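This report refers to the structure that appears directly beneath it.
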Amino acid sequence: MPNTIMRLGTAAATLGCAALLALIFFGRDISQWSFDLARLQTFKIVFLSIILEALPFLLVGVLVSALLQAFVSDKLIQKITPRNPIAGVLFGSLLGIVLPLCECGMIPIVRRLLRKGLPAYIGLIYIVAGPIINPIVFGATIAAFRTNRDLAYSRFYLAFLVSVALGLILYYFMKRNPLKPEQQQNHHEHNEHEHHAHHEHEHHNHSHMHLHEHNQNGGMLKRLTDIPAHAAEEFFDIGKYLILGSFITAILQTFVARASFAAVADHELLSHLFMMGFAYALSLCSTSDAFVAASFNHMFPPAALLSFLVFGPMLDLKNTLMMLAVFRKRFVLKFSILIALLVLIGSILFDHLGFV
Amino acid sequence: MRKKTAAATAVHYAARAILLAGFAFYIVHLVQSGTLNLYIASRMQFIVKLSALGMYAVAAQQLYAAIRAWFDSSKHVPSCDCNHEMPSTWGKSLLLYGWFAVPLIIGFTVPDGLLGSSMASAKGVQFTPQQIVQPKSDLPTIEVESESRDTASPSATKSGTQIEEAALDILFPSDQFTESYAKFGKQLVKQDLIQVKEKQFIETLTTLDLYRTAFIGKTIQISGFVYREDSMGKQQFGISRFAISCCSADASPYGVMANFGKADTFTTDEWITVTGKLGTTMYNGNEIIQIQVNKAVKITPPKDPYVTPDLDFGLE
């Protein structure tokens, strides 16, 4: 049940936050910790700056999603999708170059594409590869790592290799449709975007496809006027994860001294796992995470930063919650473990082969 | 029954319109009060302003939907054809909209302050910016090469400009990563007073640190906030600035150590301009550059308190 998962997800996020706060409060000497105005102001600046900076990207994401909904037909999607699995995997990995979005806008779009007839494995690779392999993120990463170009390029090579591997595994081993079965009766999926069954009006018995076509045939003006409405819905669906992510990041940045990370930084496996966990918890937008990673330069080995840069956009707290609203729970779990393993092995390999 | 749901829908839309407009208004408020600089790097500010426009448009549409839902209760008003669902209970709605109100409430109520020492000490001020371009292990080679300067400089004074340039080359050894810094350093070293300007703050500090042997004894002028750490001496403090690339979440502090007899006349986080001769000191086991201050003046913090990496550095 999606609403159960949503509830569990929210509860899990709350618990995570509480645990984090507890760690921050009790992990250090309380007498040293004084809640002064300066810290509150610092928290405010970091918290709001992430939200303000992500807003334009979020708006672009929801606008593209709305445009796709309105103007790209199912037939077109089916026509341009390659039949050959190798071509399909490459198509999914590189789709981000023409549809550059950060993961905030990705999941609703992918579900829309899947419903419009895109094969599941291609859609899923787009979810993981799209937030990295796109021109905007490329520009941001190069800007952040001007002096360490190897690391910037490695981010894209590794992301590409991981997503190709993932795609092939999914193509050969994924037997069931990863999408959740339709909830015709259940009206509580407030994270759902497309369940037309909710309409309690004359179209009561109509199928999804029917309504979809109905929509496709709507006038140009009607489609255009729908766009801001759609953007608003999506803003509230996705914005809550953005605010949660910014909140946690701001707390970490304000209250946890960077020096306390030093203990993990020296251990190879731990440094990778830590940076991956950190990327997961921060849920940063891939367009700005390179700058955060760059600020950890000289504290963590470059290979650990590579794990951060590749794993974060592919999988984080925010997009797990979003994926759980769309895909089956077991599938999301297996998929996440697979991504984590591939990224970990990949970045350790890159390190030992001397790429970073 | 239908009337009631319509009213509830109208309230939902109205709440959304208010929140969206709130975000847009907050951005406008930041622009007008000139405090957007505190949050967003200037090169990113344009798109943030654009997003305020977008939010206004969406808020207006939501308001329109609210009005339609309120008066036009007989007709079903789908927000869009894909029909997102509203939160199912009042409690959930309050939670959702309350959560979106949190950043706005914090934004409007907490007074704006500059990032200062508390953030700087959490992040750790970068006193040896040469590490950006030069991994630690490469340090000794630079020192060794620059020592040959002593043997080279007498011949430079004897002969013409050509040899002088050759001496500069020895003074500023470079590889592909430090080439632009060497070039910049050769310009700086000719100046009587080396001002660390806002535009190339990080690049200038990096150059001074990287080619410190060439700059020791030169007069340096730099502005920033006073930063103190427990391990500093009583007469020592850091002059720091935060560097940001996109937004203040990626802020990282850069600075230079200052040694001043009357250091205690300045409180932590106060903005000052200092002038003095460059030297070195040992700090936390590393040899870092330090300004021996002759003159220090209090200043008002600049409008844009951050510095940004100059992306054109070395390209001109």
Side-chain angles (χ1 to χ4, degrees), chain A residues 37-42 44-53 55-56 59 66 69 140 143-144 146-147 187-190 192-196 198-199 201 211 214-215 218 226 228-233 235-237 239-240 243 249-250 253-259 288 291-292 294-295 298, chain B residues 16 20 23 27 30 38-40 44 47-48 50-51 54-55 57-58 60-62 65 76 78-88 92 96 99-100 102-103 106-107 110-119 121-124 131-133 177 245-252 269 309 311:
Chain A
L37 189 64
R39 273 188 200 275
L40 185 63
Q41 285 174 337
T42 306
K44 177 197 174 182
I45 286 179
V46 177
F47 178 47
L48 286 170
S49 78
I50 299 174
I51 295 178
L52 290 176
E53 205 232 36
L55 273 183
L59 279 180
Q69 161 73 8
R146 279 182 71 226
T147 52
H187 292 202
H188 298 286
E189 298 172 59
H190 63 257
E192 285 279 334
H193 298 246
E194 281 178 291
H195 56 115
H196 311 275
H198 171 64
H199 291 246
H201 56 112
L211 268 181
H214 185 75
N215 168 36
D226 277 347
H230 183 82
E233 304 292 345
F235 177 81
F236 282 93
D237 274 343
K240 54 180 179 261
I243 297 176
T249 312
Q253 291 218 5
T254 319
F255 296 110
V256 182
R258 207 77 75 84
S288 53
F291 299 103
V292 175
S295 67
H298 310 299
Chain B
R16 292 178 170 201
L20 287 163
F23 277 102
I27 294 171
L30 287 179
L38 289 182
Y39 297 90
I40 306 289
M44 303 292 285
I47 57 165
V48 174
L50 267 189
S51 74
M55 304 280 266
V58 177
Q61 189 279 336
Q62 292 286 294
H76 177 82
S79 54
C80 63
D81 288 313
C82 52
N83 200 53
H84 301 245
E85 190 161 348
M86 298 296 180
S88 49
K92 272 189 189 167
L96 177 73
W99 184 228
F100 275 87
V102 168
I106 292 178
V110 177
D112 278 314
L114 300 178
L115 289 184
S117 295
S118 70
M119 175 90 156
S121 59
K123 292 216 168 193
Q131 285 178 13
I132 309 171
V133 285
F177 296 113
S245 302
C246 257
C247 64
S248 40
D250 59 56
S252 43
D269 282 336
L311 294 184

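Labels below follow one simple rule: chain letters A, B, ... track the order of the sequence lines, proteins then strands, and each chain is numbered from 1. Note that the coordinates shown come from a computational prediction; the quantities given were computed from them, not determined experimentally.
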Closest heavy-atom contact between [X] and [Y]?
| X | Y | result |
| --- | --- | --- |
| B:I40 | A:S49 | CD1-O, 3.8 Å |
| A:A232 | B:Q62 | CB-NE2, 3.2 Å |
| B:V48 | A:L52 | CG2-O, 3.8 Å |
| B:D112 | A:K44 | OD1-NZ, 2.9 Å |
| A:I45 | B:L38 | CG2-O, 3.6 Å |

Measure the shortest side-chain to side-chain distance between [X] and [Y] over non-hydrogen atoms and say whether it is less than 4.5 angstrom.
| X | Y | value |
| --- | --- | --- |
| A:V46 | B:M119 | yes |
| A:P56 | B:L50 | no |
| B:L30 | A:L48 | no |

- Quick one: CG on B:L114 to CD on A:Q41, what's the gap to the nearest 0.5 Å?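 It is 8.5 Å, given to the nearest 0.5 Å.
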- Item | Part of A:L59 lying under 4.5 Å from any heavy atom of chain B |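 The side chain, not the backbone.
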- Message: Using heavy-atom distances under 4.5 Å, tell me whether A:I51 contacts chain B through its side chain, its backbone, both, or neither.
- Response: side chain
- Message: Which atoms of B:I27 are under 4.5 Å from chain A, going by heavy atoms: the side chain, the backbone, both sets, or neither?
- Response: side chain
- Query: For B:D269, is it the side chain, the backbone, both or neither that has a heavy atom under 4.5 Å from a heavy atom of chain A?
  - Reply: neither
- Query: Can you list the residues that meet the ring pair (Phe, Tyr, Trp, His ring centres under 6.0 Å) rule with A:F236, with sequence neighbours excluded?
  - Reply: B:Y97, B:F100
- For chain A, the option from B:A60, B:P111, B:A57, B:G54 that forms the most heavy-atom pairs under 4.5 Å: B:P111
